[in-house]
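The structure appears below as structure tokens.
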There are 2 protein chains.
Amino acid sequence: MIRSARRLFAAHGYAGASIAAISQDLGLTKQALLHHFGSKDRLYALAVEQTAREILQILFDAMEEGRPPEDQVEAFFAALFSHLFDDATSAQLLYRELTDQALKPQERAGSSLETVLESLVATVQATEKWQEAGVQGALAVVVQLLGAATLHFTAQGTLQRMFGRTTYQGACDQFSDVFADLVSRTLRD
Amino acid sequence: MIRSARRLFAAHGYAGASIAAISQDLGLTKQALLHHFGSKDRLYALAVEQTAREILQILFDAMEEGRPPEDQVEAFFAALFSHLFDDATSAQLLYRELTDQALKPQERAGSSLETVLESLVATVQATEKWQEAGVQGALAVVVQLLGAATLHFTAQGTLQRMFGRTTYQGACDQFSDVFADLVSRTLRD
DNA sequence: CGCTGTCCTTACCATTTGGTAGGTTGTGCG
DNA sequence: CGCACAACCTACCAAATGGTAAGGACAGCG
């Protein structure tokens, strides 16, 4: 159920995906959904939180103790990239939450999405190159890298339409290397 | 009128911004809007096209003949960045169109947004570093750079909320330099 | 058997959506 | 003046929105 909700919220946004559409996608009535989740807000919150938690897990896995922070961040972005490669809807959904802020304030507090960003900023701040740039510098770096990693997936449909599916596929393959290079160049000097 | 529509479509997306809300923002009734633009679709199309045309103009200005393509791309991204700095809604609106594909197919054909992407890809493909990577490689680079440039602006609200307005402002200042460096490193070797 | 609770349904509801029809006001122009 | 036309309004409409109420089907359990 949440998987279906994630797909539709990712594709059409909070406002664009009605609970009727989601339930129809599942072959149920919308009241079945409301029965399980109480309200559209709560379903959306669950979808976002679940998605963010997956990313958070990837982050934790990449944060092995003892390794230099540069390696940790690199490992995270590599793992994130391959995760999004398998499931672009994650990128789409989280990006939408970043831009729409459709989550209720109380549901936002202490969410996994916040934790991911804060941990990333802290780790970047621990790198040699950026430790003197303060929180602001690290935040700039993190946002930049995340943006570079995600547009690719969030704009999937448009890019395929504009350039053709085969060209897009080819770009996908190259993207991984180009991106890894970018992360490395940004974190080291 | 279109300015107001751009603001609201950028903030809430096509589905999330009703013509009633836009007209209320203007102090009119929604029928006044419908009178001028015929339908919500057409108003949205105008807002997107106008915004994309601004970006296209920035691109043309950066594409002076005779300069090396690396410089052209760098100049474009620098100008784009300062434009978005003044008007983040442009980034938000165009990003939404990239992800939502809310434009009708007939209105998409030959739009400024397509022209921008295609011209960028062609120019990147003309650079020394990427001329052997084909359309795919150039597309990957363009998407990556655009993503890096825009997340910052599209997620403005969330970032301000999470890290505080002052921290966000500080990151803004640093972002410009970090980004210029990133573009340069990506285009040259 | 009967009781309870979960799952899911049909039947509603008030509100909002995009859009139409028709009328009113004002302005420019012959 | 009289005519046309744009701008804008009120009044409506069918459809879709999120959500409530009430009940049926069915399982587990005493």
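Proteins come first, then strands; the chains are lettered A, B, ... in the order of their sequence lines, and each starts at number 1. Side-chain atoms are counted along with the backbone in the values below, which use heavy atoms only and exclude waters and symmetry mates.
- Donor-acceptor pairing under 3.5 Å is lacking for the side chains of A:Gln169 and A:Asp173.
- Taking only distance into account, the side chain of B:Lys40 never meets the base of C:dG19 through a donor-acceptor pair shorter than 3.5 Å.
- Under the side chain to side chain contact (heavy atoms under 4.5 Å, CB included) test applied with B:Arg53, the options B:Gln57, B:Gln50, B:Glu49 reduce to a single match, B:Glu49.
- Between A:His152 and A:Phe81, the ring planes lie parallel to each other; the angle is under 30°, not in the 30° to 60° tilted range.
- Dashed line: the shortest gap from a side-chain N or O of A:Thr29 to OP1 or OP2 of C:dT9 is under 4.0 Å.
- The separation between B:Arg42 atom CZ and C:dG18 atom P is 15 Å, rounded to whole Å.
- Residue contacts shown for A:Ala32 include a base, since a base heavy atom lies under 4.0 Å away.
- What separates CD1 of A:Ile19 from C1' of D:dT20 is a distance of 12 Å, to the nearest Å.
- The side chain of A:Ser18 places no N or O atom within less than 4.0 Å of a non-bridging phosphate oxygen (OP1 or OP2) of D:dA16.
- Ring geometry for B:Tyr14 versus B:Tyr44: interplanar angle over 60°, hence perpendicular rather than tilted (30 to 60°).
- Following rounding to the nearest Å, B:Leu34 (CG) and D:dA11 (P) show an atom-to-atom distance of 18 Å.
- Between A:His35 and C:dT9, a side-chain N or O to OP1/OP2 separation shorter than 4.0 Å is absent.
- When rounded to the nearest whole Å, the span between CE of B:Met1 and C1' of D:dA7 equals 9 Å.
- For the OP1/OP2 pair of D:dC8 and a distance below 4.0 Å, the side-chain nitrogens and oxygens of B:His36 include at least one atom meeting the criterion.
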